Colleague: 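Following this message is one structure expressed as structure tokens.
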Protein chains: 2
Amino acid sequence: MARPRAKGLSRRRKGDVATDRAVYDTIRRAMLMGRLLPGTKLAEPALARVLKVSRERVRKALHRLVHEGWLEAVPNRGTFVPALTVEEVREIYDVRTMLETAIVSRLCAGHGPPEAQRLKAHVGEERIAVRNDDRGRLFGLSGEFHVLLAELCGNEQLSKLLRGLLTRSTMHFSQAAPERFHNCAGPHDHADIVKAILARDTKKAAKLMLDHLLGLAEWQSAWRPPSTPVGIEEAFRGLSAVKRPA
Amino acid sequence: MARPRAKGLSRRRKGDVATDRAVYDTIRRAMLMGRLLPGTKLAEPALARVLKVSRERVRKALHRLVHEGWLEAVPNRGTFVPALTVEEVREIYDVRTMLETAIVSRLCAGHGPPEAQRLKAHVGEERIAVRNDDRGRLFGLSGEFHVLLAELCGNEQLSKLLRGLLTRSTMHFSQAAPERFHNCAGPHDHADIVKAILARDTKKAAKLMLDHLLGLAEWQSAWRPPSTPVGIEEAFRGLSAVKRPA
DNA sequence: TGTCGGAATAATGTGCACATTTGAAATCGA
DNA sequence: TCGATTTCAAATGTGCACATTATTCCGACA
């Protein structure tokens, strides 16, 4: 039929899944960088204006983030950055304890040379980060350690589940200024756990993981995130959805 | 401003979240009833026509179901009923084993009279269902038993997680004709597990749960769902999104 | 002066109109 | 007759317009 287009521009690409990912990643990155504090409202028009995308894209990304537990949606009100209660943090670490003690037990029973190699490599990287006092890298590695343990079990469902739990429990860490991240006990605990796994000492490994998570939960529960909301424009300053400055 | 509406009808209620839930529940119910076989395509116009709702509502419900793992979306192709592989089933039951053995251990260590009462009540209901040969009720109760154990731990995160795992692992059961559901070992296993919990025998309870899940996984993996797709119209015959015949 | 109430404004929610893409039927050629 | 190419219809994806809802602001009244 070749009908002439009514409005002017609208150069529309095909199933542009790349832009969707970019918007989603940008918002998530802003949260990981600690720029979005609990209580902040993510208004759709403001986000669309700042990220230079249409409102529908923002809406879709927000819905996805809500489904994944990063944000909270109130009907007819908007989407907000959630404030995890100490009870929620305790519950999340409780579930993590159940899963991760089982994981280290599993790894003690059945791991081979390649798994041992990856564990030792990760501990080495953490040690380097500590030596260089690279807080940002250490922050990322500390979380990835737990994901690595899950992945070494060779269970994709388990990895996905633990990854979701980690994002929720590290949200607090992110909401604190991540450049101030300092966890001297973390890398040392990780090294001990790996040592126990390599020695196939199941009881010791499980106990170390239990104590490690208990310590993390206690330290995290003691800290309360600030509650002064910040504007959207300044929160996303320097971040862009269309071009990755990476 | 009171601008006259362009088109005729469109009597739109307020933030109608009830319709959204109805559409979502209807599709989910059709899956639980085993009417949607793996490989079936859930086309949006067909669903909208059958359920008597707009396409956007269907679209939103489908997106949610995709995100929760009930369905699979292929870009520009459509939404399909997934076919779980035996490997996925094995992995899901592996994760469930980790969580649920920890749950029964937890319950052995710390449960009071109200928890004991609810456990005994559930076992009683299952016994009644077995006596009456009520397959549908037994099918529901068998799943709820595991959710009940998680809820008795008083951990909301744990309950939500296990609920998601259950929906995925029971999808196979649903895809078999549920009226043919017959699990003579299930209720008996459940009664034994409850007995061990009430006796606070941690090792025995964990072992019983482990064997129970192992048996379920083995039985479930042995069975392969049929792969003859069925039309949308007949799959949703009798089901409605606007009025619940319940 | 403080509070209650209504109007203006901004934001959310949703139906609708196309553009793009896919799948398959139809047509053509060997 | 079979295979490859073209054509066409249906489905998916997305921007847009507008109704509905919440919030804010401002003035009247006690």
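Nothing here was measured: the structure is a model prediction, and the numbers come from that model. Below, chains carry the letters A, B, ... as their sequence lines are ordered, and counting in each starts from 1.
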Colleague: Could you state the CZ-P distance from Arg59(B) to dT14(C), rounded to the nearest angstrom?
Modeller: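 Distance check: Arg59(B) CZ to dT14(C) P gives 14 Å.
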Colleague: Can the positive tip of Arg35(B) be found less than 6.0 Å from the middle of the six-membered ring of Phe236(B), inside 45° of the ring normal?
Modeller: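 No, a cation-pi geometry is absent between Arg35(B) and Phe236(B).
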Colleague: Just how far, in rounded Å, is P of dT12(D) from CG of Leu71(B)?
Modeller: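 Value for this atom pair: 13 Å.
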Colleague: Looking at every strand, decide which applies to Glu44(B) at a 4.0 Å heavy-atom threshold: base, sugar-phosphate, or nothing.
Modeller: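 Touches sugar-phosphate only.
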Colleague: What distance do Lys41(A) atom NZ and Thr79(A) atom OG1 have between them, rounded to the nearest 0.5 Å?
Modeller: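 With rounding to 0.5 Å, NZ (Lys41(A)) is 8.5 Å from OG1 (Thr79(A)).
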Colleague: What is the distance from CG of Leu47(A) to P of dA10(C), rounded to the nearest Å?
Modeller: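 In whole Å, dA10(C) P lies 18 Å from Leu47(A) CG.
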Colleague: Would you check if there is a donor-acceptor pair between the side chains of Glu88(B) and Tyr93(B) at a distance under 3.5 Å?
Modeller: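 No, no side-chain donor-acceptor pair sits under 3.5 Å.
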Colleague: Under 4.0 Å between a side-chain N/O of Arg57(B) and OP1 or OP2 of dG15(C), yes or no?
Modeller: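 For Arg57(B), the contact criterion (side-chain N or O under 4.0 Å from OP1 or OP2 of dG15(C)) is met.
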Colleague: Given salt bridge (charged side-chain N to carboxylate O under 4.0 Å, His left out), test Glu125(B) with Arg137(B) step by step and report yes or no.
Modeller: CA-CA 9 Å; Glu125(B) 286 195 49; Arg137(B) 178 122 184 88; 2.5 Å; yes
Colleague: Is the shortest side-chain N/O distance from Lys60(A) to OP1 or OP2 of dT14(D) below 4.0 Å?
Modeller: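 So the side-chain polar atoms of Lys60(A) do come within 4.0 Å of the phosphate oxygens OP1 or OP2 of dT14(D), strictly under.
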Colleague: Nearest heavy atom decides the nucleotide; on that basis, is Ser54(A) or Arg49(B) closer to the 5' end of DNA chain D?
Modeller: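 The 5'-side residue here is Arg49(B).
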Colleague: Taking salt bridge (charged side-chain N to carboxylate O under 4.0 Å, His left out) as the test, write out the residues that go with Arg77(A), two or more places apart.
Modeller: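 In terms of salt bridge (charged side-chain N to carboxylate O under 4.0 Å, His left out), with neighbours along the sequence ignored, Arg77(A) is linked to no residue.
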Colleague: Under 3.5 Å, is there a donor-acceptor pair between the side chain of Arg168(B) and the main chain of Ile92(B)?
Modeller: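 No; judged by distance alone, with no hydrogens or angles, the pair does not exist.
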Colleague: Nearest-Å distance, CD (Glu56(B)) to P (dT20(D))?
Modeller: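 Going from Glu56(B) (CD) to dT20(D) (P), I get 17 Å.
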Colleague: Between the main-chain N or O of Ala129(A) and the side-chain N or O of Asp134(A), is there a donor-acceptor pair closer than 3.5 Å?
Modeller: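 No, Asp134(A) side chain to Ala129(A) backbone: no donor-acceptor pair under 3.5 Å.
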Colleague: Could you report the tightest heavy-atom contact between Ile27(B) and Leu36(B), atom names first, then the distance?
Modeller: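 Taking every non-hydrogen atom into account, O-CD1, 4.3 Å.
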Colleague: Give each protein N/O atom lying under 3.5 Å from an N/O atom of nucleotides 22-24 of chain D, with the pair distance.
Modeller:
from	atom 1	to	atom 2	distance (Å)
dT23(D)	OP1	Arg77(A)	NE	2.5
dT23(D)	OP1	Arg77(A)	NH1	3.4
dT23(D)	OP1	Arg77(A)	NH2	3.1

Colleague: Mind checking whether His212(B) and His146(B) have parallel, tilted or perpendicular rings, split at 30° and 60°?
Modeller: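 Geometry flag for His146(B) against His212(B): parallel rings.
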Colleague: Between Arg55(A) (CZ) and dC18(D) (C1'), how many Å, whole number?
Modeller: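 Atom-to-atom, Arg55(A) to dC18(D), this comes out as 11 Å.
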Colleague: Take the C1' atoms of the five end pairs on each side of the helix from dT1(C)-dA30(D) to dA30(C)-dT1(D), derive the two axes, and give their angle rounded to 10 degrees.
Modeller: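 Roughly 0°, once rounded to the nearest ten degrees.
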Colleague: Leu62(B) CG to dG13(D) P: how many Å, rounded?
Modeller: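 So the two atoms are 10 Å apart, to the nearest Å.
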